Colleague: 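Mind looking over this structure? Questions follow.
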Amino acid sequence: MSEDIREIRLQKLARMRELGHDPFSVEEFKRTASAKELLEWFDDLTAPRGDEDDESTDGPPIISFAGRVVSYRDMGKAGFAHLSDGDGKIQIYCRKDELGEVGWELYQLLDIGDHVGVEGFMFLTKTGEKSIHVKQLVPLSKSLQTLPIGKEKDGQQWYGLEDVEQRYRHRHLDLITNPEARKALIDRAKIVSAVRRYFDGAGYLEVETPLLQVVAGGAAARPFTTQYNAYDMEVKLRISLELYLKRLICGDIPAVYEIGRVFRNEGVSNRHNPEFTLLEFYEAYTNLEGMMRRVEDMFKFVAEEVYGSTTCEIGPLGPIDLAKPWRRVDLLDEICAQSGLERDDLSDLDQAKAAIKAKGIIDKAHQLGGHIDLNKEDNLGGLIEKLLEVFVEPTLQEPIFVVGYPIETSPLAKKDPNNPRMTRRFEGYILGREICNAFSEINDPIDQKERFEQQATEIAKGDDEAHPYDEEFLYALEGGMPPTGGCGIGMERLAMVLTGSDHIREIMFFPMMKPRE
RNA sequence: GAGCCGGUAGCUCAGUCGGUAGAGCAACGCCCUUUUAAGGCGUGGGUCCUGGGUUCGAGUCCCAGCCGGCUCACCA
């Protein structure tokens with residue numbers, strides 16, 4: 001069946017070639033403007049109003065346009081089709097008596113999916129659609145497949161490509177057929193570009209650091225491993241950007257950022273893909289408060305650049321104003337407020353477990369849809385973060401910074417001088433989703449060494465996500481690093497919030513999919 | 001990794017009680033010189049995800065597997 005269609009289309013291609021119009025031999029076609037621009041310009045043109053006999057005066061200006069055929073109607077000796085240039089579409093009108101025998105046959109050989117260039121003038125049809133009255137037609141490519149392009153009326157679509165699996169596996173079809181999907185993906189690209197402009201404008205240096213690493217650190221995650229033949233050794237794909245970027249701070253580059261792909265060997269969900277794009281930025285002589293201001297500033301800038309407004313219509317809360325400063329709360333305070341525990345309950349692991357049992361916290365968690373298994377919690381920091389996840393995260397709808405994370409889960413963040421069990425670290429949340437992770441970076445090499453040693457004992461205990469010991473990084477710190485604030489933001493998470501997407505795959509062109517067969 | 005749901009024509013879907021496969025769009029032929037989900041007449045098109053099983057007979061029931069979706073787990 002599909003072979004039949006392919007065969008028919010190949011025959012049409014052959015016929016085009018016989019007529020001296022091989023679509024694939026054309027290399028260039030000059031277009032006057034995009035579909036959107038032509039439709040806008042039309043209002044300024046004194047085009048004929050559907051009066052086909054009007055060959056008056058100077059005639060309307062000749063324009064050219066090219067695009068993919070997305071609809072096609074043949075009426076014997078005339079016909080209409082729509083051409084899409086991706087960003088917009090415009091109707092063309094062709095007549096046998098004007099195109100001539102060859103031109104008309106070329107029109108009839110067109111299929112939905114082909115690319116074609118036209119030259120003609122703008123006019124208004126009887127039914128009021130701004131269209132191109134075609135004088136010349138040039139085939140620019142022949143589609144050998146039936147593309148699942150839907151029909152459309154009043155903005156509503158019929159029969160598009162709906163199957164999500166196919167949308168992800170064959171993204172080009174999704175881009176051709178689904179305007180909303182296309183917009184989210186393009187917005188993501190614009191968001192990344194705006195982020196880059198923000199940091200360039202703020203005096204940061206954009207750098208690139210190694211993806212292939214011997215010690216993959218900077219985050220708690222399992223790396224991918226691969227083989228480097230020349231040195232006959234195993235290398236890992238990076239799981240974060242952090243340590244190399246801080247080594248540049250140690251080299252007296254005072255503000256750096258990188259936007260780059262990182263790889264984590266873990267499962268897929270609506271918020272996780274094994275490879276994703278991470279932004280990290282580091283600035284000397286500032287701290288976590290400086291990072292909060294940067295995050296606020298950057299969100300505001302990006303929203304204005306991409307959407308022209310700091311007010312975003314995202315999520316169930318309605319518009320969120322990114323121009324306002326984000327609320328700042330203390331992590332332990334929030335846990336206590338939401339769970340009914342008290343600060344004293346959370347000063348050591350056994351005490352915390354006892355309080356959780358005594359106060360019925362596990363049942364409360366269940367009511368919120370969360371599961372706390374005290375047997376699985378072997379350190380206070382991990383337990384605190386679990387409480388955060390269950391009791392606090394769902395309440396964090398408007399942009400907010402949660403400050404003060406436990407030391408066990410923050411091996412690269414400075415200790416809080418007022419509470420050595422906690423660190424000078426925050427995470428930003430929007431709509432219950434973790435958006436960024438930032439802290440005052442440890443610049444005391446002795447402290448950092450102790451943290452690595454602590455992590456090493458976790459590795460020895462079997463935690464394969466504990467932070468690896470990194471000699472090179474310690475060596476750089478010993479040379480002296482200024483006080484520094486650093487921050488990481490998942491670009492997909494950022495794009496999800498700004499585009500209102502509820503699945504990470506909607507803002508990645510080619511998400512991870514299991515191969516078929 | 002677990003549970004639930006799904007996979008039928010190129011696309012979107014229907015398919016009853018188990019009786020041997022359907023519609024619209026797309027495609028092909030004819031008609032039609034302002035149509036627009038164009039229209040009219042006609043035609044072709046299927047590995048019913050894969051492999052077993054039950055049965056006289058399986059798209060349908062059973063088992064196993066593959067791929068996907070959702071939820072959970074994992075992912076500080």
Side-chain angles (χ1 to χ4, degrees), chain A residues 1-9 11-12 48-52 70-82 89 91-99 104 111-113 123-129 131 133 143-169 173 177 219-222 239 264-274 276 369-371 373 376 379 381-386 388-389 405-413 423 425 427 434 437 458 463 465-467 490 502-503 505 513-517:
Chain A
M1 162 62 192
S2 61
E3 280 308 301
D4 291 349
I5 288 182
R6 193 186 169 78
E7 203 44 54
I8 289 162
R9 300 228 169 166
Q11 283 166 18
K12 289 183 180 178
R49 300 272 146 173
D51 181 353
E52 54 192 89
V70 292
S71 76
Y72 183 85
R73 293 175 293 284
D74 180 3
M75 290 178 300
K77 295 192 180 64
F80 290 90
H82 278 93
K89 61 182 184 179
Q91 181 171 255
I92 62 169
Y93 173 53
C94 295
R95 296 167 57 108
K96 186 177 184 181
D97 56 4
E98 293 183 38
L99 292 182
W104 181 245
D111 285 300
I112 287 177
F123 79 114
L124 200 65
T125 64
K126 268 184 189 167
T127 51
E129 178 164 350
S131 307
H133 190 124
S143 171
L144 301 182
Q145 301 171 348
T146 323
L147 297 184
I149 293 173
K151 299 210 168 191
E152 188 201 306
K153 187 187 186 181
D154 304 328
Q156 258 199 302
Q157 254 200 296
W158 277 260
Y159 321 116
L161 184 70
E162 303 269 306
D163 187 284
V164 281
E165 184 175 351
Q166 295 212 58
R167 287 186 45 229
Y168 299 148
R169 288 188 191 278
L173 296 177
T177 56
R222 276 183 289 273
I239 58 173
R264 297 186 180 178
N265 208 335
E266 56 199 31
V268 164
S269 81
N270 67 332
R271 271 161 284 126
H272 298 85
N273 194 72
F276 62 99
H371 308 283
D373 182 355
K376 283 167 72 178
N379 74 72
L383 179 56
I384 287 173
E385 294 216 2
K386 186 72 189 172
L388 169 77
E389 177 194 323
Y405 278 66
I407 193 162
E408 299 93 325
T409 57
S410 313
L412 301 163
T423 60
R425 170 181 165 199
E427 291 195 354
E434 180 193 329
N437 177 23
E458 300 296 327
D463 180 355
E465 294 187 356
H467 199 288
D502 55 9
H503 205 300
R505 287 174 161 177
M513 299 290 282
K514 242 181 173 174
R516 312 204 72 164
E517 290 159 334

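Remember, predicted model here, so these are calculated numbers, not experimental data. Just so we're on the same page: letters track the sequence lines, and every chain starts at 1. Worth knowing before you read on, the calculation uses all heavy atoms, side chains too, and leaves out hydrogens, waters and symmetry mates.
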Colleague: So does Arg167(A) get a side-chain nitrogen or oxygen closer than 4.0 Å to the phosphate oxygens (OP1/OP2) of G68(B)?
Modeller: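 No, because none of the side-chain N or O atoms of Arg167(A) sits under 4.0 Å from OP1 or OP2 of G68(B).
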Colleague: Give the rounded distance in Å between these two atoms: CD of Glu165(A) and C1' of G7(B).
Modeller: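 Checked: the CD to C1' distance equals 8 Å.
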Colleague: Say you pick atom C1' in G3(B) and the same atom in G59(B); how far apart are they, in whole Å?
Modeller: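 Going atom to atom, C1' in each nucleotide, I get 26 Å.
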Colleague: When you compare C11(B) with A2(B), how far apart are their C1' atoms, in angstrom units rounded to a whole number?
Modeller: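 The answer is 34 Å between these two C1' atoms.
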Colleague: In whole angstrom, give me the gap between the C1' atoms of U34(B) and G39(B).
Modeller: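 These two C1' atoms come out 14 Å apart once rounded.
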Colleague: Just to confirm, is there a sub-4.0 Å distance from OP1 or OP2 of U34(B) to any side-chain nitrogen or oxygen of Lys126(A)?
Modeller: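 So the side chain of Lys126(A) is outside the cut-off, no N or O lying under 4.0 Å from OP1 or OP2 of U34(B).
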Colleague: Tell me: NZ of Lys77(A) to P of C30(B), nearest whole Å?
Modeller: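 So the NZ-P distance, Lys77(A) to C30(B), works out to 13 Å.
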Colleague: Considering only heavy atoms from C-beta outward, does the side chain of Glu165(A) approach that of Met513(A) to under 4.5 Å?
Modeller: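 Yes. Closest side-chain heavy atoms under 4.5 Å.
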Colleague: Which one, U35(B), C72(B), A26(B), comes nearest to the side chain of Ile112(A)?
Modeller: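 So the side chain of Ile112(A) is nearest to A26(B).
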Colleague: Check the distance between A26(B)'s C1' and Asp74(A)'s CG and give it to me in whole angstrom.
Modeller: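 Asp74(A) atom CG is separated from A26(B) atom C1' by 15 Å.
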Colleague: Any base atoms under 4.0 Å from His371(A), or only sugar-phosphate, or nothing? Heavy atoms, all strands.
Modeller: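 It contacts sugar-phosphate atoms only.
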Colleague: Classify the nucleic acid contact of His503(A) as base, sugar-phosphate or nothing, counting any heavy atom under 4.0 Å across all strands shown.
Modeller: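 If one applies the 4.0 Å heavy-atom cut-off, His503(A) turns out to touch the sugar-phosphate alone, with no base involved.
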Colleague: What does Glu465(A) touch in the nucleic acid at a heavy-atom separation under 4.0 angstrom: a base, only the sugar-phosphate, or nothing?
Modeller: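 Answer is sugar-phosphate: Glu465(A) comes under 4.0 Å of backbone atoms only.
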Colleague: Under 4.0 angstrom, heavy atoms only, what part of the nucleic acid is Lys376(A) near: base, sugar-phosphate, or nothing?
Modeller: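 The answer is sugar-phosphate, as Lys376(A) gets under 4.0 Å only of primed atoms, P, OP1 or OP2.
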Colleague: Quick one: on RNA chain B, does Glu427(A) or Met513(A) contact a more 5' nucleotide (nearest heavy atom)?
Modeller: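 Its nearest nucleotide being more 5', the pick is Met513(A).
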Colleague: Return the value, rounded to whole Å, for the distance between atom CD of Gln11(A) and atom P of C28(B).
Modeller: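 Spelled out: CD on Gln11(A) to P on C28(B) is 10 Å.
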Colleague: Just the rounded figure in Å: distance from P of G10(B) to CG of Leu144(A).
Modeller: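 After rounding, the reported distance stands at 16 Å.
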Colleague: What distance, rounded to whole Å, do you find between the two C1' atoms, one in U20(B) and one in A58(B)?
Modeller: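 U20(B) and A58(B) have their C1' atoms separated by 9 Å.
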Colleague: Which residues pass the ring pair (Phe, Tyr, Trp, His ring centres under 6.0 Å) test with His503(A), sequence neighbours left out?
Modeller: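 Residues passing ring pair (Phe, Tyr, Trp, His ring centres under 6.0 Å) with His503(A): none at all.
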Colleague: Can you name the atoms? Protein N/O to nucleotides 11-13 of chain B N/O, anything below 3.5 Å, with the distance.
Modeller:
unit_1: C11(B); atom_1: OP1; unit_2: Gln166(A); atom_2: NE2; d: 3.0
unit_1: C11(B); atom_1: O2'; unit_2: Tyr159(A); atom_2: O; d: 3.1
unit_1: C11(B); atom_1: O2'; unit_2: Gly160(A); atom_2: O; d: 2.8
unit_1: U12(B); atom_1: OP1; unit_2: Glu162(A); atom_2: N; d: 2.9
unit_1: U12(B); atom_1: OP1; unit_2: Asp163(A); atom_2: N; d: 2.9

Colleague: Over 60° means perpendicular and under 30° means parallel, so classify the ring planes of Tyr93(A) and His133(A), tilted if in between.
Modeller: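 Correct class here is perpendicular.
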Colleague: So, Thr177(A) side chain and Pro148(A) main chain: donor-acceptor pair closer than 3.5 Å or not?
Modeller: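 The answer is no, because no donor-acceptor pair under 3.5 Å joins these two groups.
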Colleague: Nearest heavy-atom pair of Tyr72(A) and Ile112(A): which atoms, and what distance?
Modeller: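 The pair with the smallest heavy-atom distance is CB-CG1, 4.1 Å.
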Colleague: Sort me out a list of protein N/O and nucleotides 3-5 of chain B N/O pairs below 3.5 Å, or just none if empty.
Modeller:
none

Colleague: Please tell me which of the listed nucleotides, C72(B), C67(B), C74(B), lies nearest to the side chain of Arg169(A)?
Modeller: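 Of C72(B), C67(B), C74(B), C67(B) is nearest to the side chain of Arg169(A).
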Colleague: Working note: Arg95(A) + Met75(A), criterion side chain to side chain contact (heavy atoms under 4.5 Å, CB included); need CA distance, chi angles, decisive distance, verdict.
Modeller: CA-CA 10 Å; Arg95(A) 296 167 57 108; Met75(A) 290 178 300; over 6 Å; no
Colleague: Does the side chain of Gln91(A) come within less than 4.5 Å of Arg73(A)'s, by heavy atoms?
Modeller: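 Contact flag for Arg73(A)/Gln91(A) side chains = yes.
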Colleague: I want to verify a distance call: between C28(B), A37(B), U33(B), whose nearest atom is closest to the Lys153(A) side chain?
Modeller: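 In terms of side-chain proximity for Lys153(A), the closest of C28(B), A37(B), U33(B) is A37(B).
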Colleague: Using a cut-off of strictly less than 4.0 Å, decide whether Lys514(A) has a side-chain nitrogen or oxygen near OP1 or OP2 of C67(B).
Modeller: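 So the side-chain polar atoms of Lys514(A) do come within 4.0 Å of the phosphate oxygens OP1 or OP2 of C67(B), strictly under.
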Colleague: Take atom C1' in G7(B) and the same atom in U50(B), then report the distance between them in whole Å.
Modeller: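 The answer is 11 Å between these two C1' atoms.
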Colleague: If you count the non-hydrogen atoms of other residues, nucleotides and ligands that lie under 6.0 Å from CZ in Arg169(A), is the total more than 12?
Modeller: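 Count over threshold, so yes.
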Colleague: Report which part of the nucleic acid Asn437(A) touches: base, sugar-phosphate, or nothing (heavy-atom distance under 4.0 Å, all strands).
Modeller: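 Nothing, no heavy atom under 4.0 Å.
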Colleague: When rounded to the nearest Å, what value does the distance between P atoms of C13(B) and U55(B) take?
Modeller: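 Roughly 37 Å separates the two P atoms.
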Colleague: Minimum heavy-atom separation for Pro274(A) to Glu266(A), with atom names?
Modeller: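 Heavy-atom minimum between the residues: CB-O, 4.3 Å.
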Colleague: Work out how far the C1' atom of G24(B) is from that of C67(B), and round it to whole angstrom.
Modeller: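 Going atom to atom, C1' in each nucleotide, I get 27 Å.
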Colleague: Of the options U33(B), G68(B), U35(B), whose atoms approach the side-chain atoms of Asp97(A) most closely?
Modeller: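 Looking only at heavy atoms from C-beta outward on Asp97(A), the closest nucleotide is U33(B).
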Colleague: Please determine whether any donor N or O and acceptor N or O are separated by less than 3.5 Å between the side chain of Glu129(A) and the base of U34(B).
Modeller: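 It does not, because no donor-acceptor pair links the side chain of Glu129(A) to the base of U34(B) below 3.5 Å.
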